[in-house]
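In listed order, ligands and their atoms are each counted from 1. Every heavy atom of this structure was used, including side-chain atoms; hydrogens, water molecules and symmetry mates were not.
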Amino acid sequence: MSVNRAIIAGVGRCLPDYILTNDELEKYVDTNDEWIRSRTGISERRILKDPDKATSYLAEKAALEALEDAGVDASEIDAVILATVTPDYMFPATAALVQKRIGATKAFAFDLSAACSGFLYALTTGGNMIESGRAQKVLVIGADKMSAIVDYTDRTTCVIFGDGGGAVVLEAGDEGGIIDYVHHSEGDEACMLYQPAGGSVNPASSETVENRMHFLRQDGKSVFKRATEGMADVSLEIMERNNLTADDIAWLVPHQANLRIIDATARRMGLDKEKVMINISHYGNTTAATIPLCLYDWKEKLNYGDNLVLSAFGGGLTWGAVYLKWMKK
Ligand code: COA
């Protein structure tokens with residue numbers, strides 16, 4: 001019996017127009033362009049300024065572009081999976097809002113929460129649906145309006161994050177596509193990177209607002225250490241499981257959290273920098289959107305049959321890697 005393969009048939013993105021530069025951040029917090037660029041690799045990030053637009057806007061635009069790129073009508077989509085930590089509401093799922101707006105009439109839709117690893121978790125969840133034969137076409141989106149939860153008085157976090165959305169259409173194919181994946185989680189480290197209030201532990205109150213508990217908090221040093229180890233370890237794990245050498249890999253598609261983390265991962269994999277997708281300088285860390293934004297920016301350079309390793313680390317803690325063959329002509 002032939003097994004369905006889950007292939008990427010289309011890629012789309014949405015980036016807000018407003019560019020928040022390092023120079024502008026100097027006006028809000030005690031920081032400077034040299035520190036930000038040398039410690040993170042970031043020069044600027046995009047911000048969704050329009051107060052009427054939320055994560056669903058970024059997701060919707062990215063999804064529509066991915067559908068067009070794939071030549072797929074929204075009505076053909078079986079499922080919409082949206083990875084995000086900045087949903088429009090705690091509930092209903094933002095994916096359901098997007099499903100309605102794009103006209104994916106027969107699809108069921110749900111959000112997936114795995115922070116910066118969210119897109120990879122969503123991609124492989126959609127891939128499994130296709131491989132099982134239960135779905136033929138799945139829309140996988142990673143979108144975050146991080147500016148909604150970033151504290152612009154905290155210099156240790158506000159320089160890092162930006163807003164953006166990316167999406168892919170997964171389709172059943174005969175060969176290639178998602179070949180393998182490895183995911184890991186370690187929930188006892190949740191407070192290393194989290195949003196303290198707004199959930200059922202600390203529901204919204206005047207106290208949570210006064211104490212700025214609705215903003216993201218991060219133990220930057222600890223996350224940096226764990227991310228550097230985790231992303232490199234899981235990338236090597238997927239290479240070893242699939243007998244891949246550095247020569248076999250056309251591109252590393254890393255989550256864009258910090259240029260130093262990306263460099264360390266590529267070094268451990270033995271990959272030349274020319275084979276690493278890096279766009280952190282322009283967008284910062286867009287959480288669930290970084291990996292599809294890379295695929296979008298590099299899509300003209302990707303060749304049929306290219307071996308890609310996608311790798312991410314994020315809050316949870318969560319981390320993972322995907323080995324896929326690019327089958328888009
Ligand atoms: N501008 C200027 N100085 C800053 C600063 C800023 N924006 N942020 C922190 N500093 C200062 C610190 O206060 C510290 O000063 P001190 O030595 O006087 O105490 C100094 O710079 C060094 O701070 P440190 O935290 O050691 O810097 P770092 O090199 O670890 O870089 C991060 C900080 C946040 C960039 C880095 O830890 C990081 O990238 N962490 C992972 C973040 C991440 O990936 N998060 C998403 C999940 S994947």
field: 4.0 Å heavy-atom contact, T287 with ligand 1
entry: no
query: Has D17 got more than 12 heavy atoms of other residues, nucleotides or ligands less than 6.0 Å from its CG?
result: no
query: Do D248 and T245 meet the criterion of a side-chain donor-acceptor pair at a distance under 3.5 Å?
result: yes
- prompt: Heavy atoms only: which of L317, D33, T157, L193 is nearest to atom 47 (C) of ligand 1?
  reply: L193
- prompt: Listed by chain and number, what are the salt bridge (charged side-chain N to carboxylate O under 4.0 Å, His left out) partners of K100, not counting sequence neighbours?
  reply: none
Element-labelled atoms of ligand 1 that are located less than 4.0 Å from some non-hydrogen atom of V159: 7 (N)
message: I need the nearest protein heavy-atom contact for atom 33 (C) of ligand 1: residue, atom name and distance, please.
response: W35 CH2, 3.9 Å
message: On a heavy-atom basis, I'd like to know which of R260, M192, E26 is closest to atom 31 (O) of ligand 1.
response: R260
Sub-4.0 Å atoms of ligand 1 with respect to non-hydrogen atoms of N258: 35 (C), 38 (C), 39 (O)
query: In the protein, which heavy atom is nearest to atom 35 (C) of ligand 1, and how far is it?
result: T40 CG2, 3.6 Å
- prompt: Does at least one non-hydrogen atom of I36 fall below 4.0 angstrom from an atom of ligand 1?
  reply: no
message: What protein heavy atom lies closest to atom 37 (O) of ligand 1? Include the residue and the distance to one decimal.
response: G220 O, 3.1 Å
message: If we count only non-hydrogen protein atoms and require a distance under 4.0 Å, does atom 4 (C) of ligand 1 qualify as touching the protein?
response: yes
message: Using a 4.0 Å cutoff against the non-hydrogen atoms of R39, which atoms of ligand 1 qualify?
response: 29 (O)
message: Ignoring hydrogens and geometry beyond distance, is a side-chain donor-acceptor pair present between T84 and D144 at under 3.5 Å?
response: yes
message: Out of all atoms in ligand 1, which are within 4.0 Å of some heavy atom of F313? Include the element for each.
response: 48 (S)
message: Can you report which non-hydrogen protein atom sits closest to atom 7 (N) of ligand 1, along with the distance?
response: R155 O, 2.9 Å
query: Looking only at protein heavy atoms, which one is nearest to atom 44 (O) of ligand 1, and how far off is it?
result: A257 CB, 3.2 Å
- request: Considering heavy atoms of the protein only, find what lies nearest to atom 45 (N) of ligand 1 and give residue, atom and distance to 0.1 Å.
  value: Q218 OE1, 2.7 Å
- prompt: K221 to ligand 1: N or O pair under 3.5 Å?
  reply: yes
- request: Heavy-atom distances under 4.0 Å are what count here, so tell me which part of T31 touches ligand 1: side chain, backbone, both or neither.
  value: both
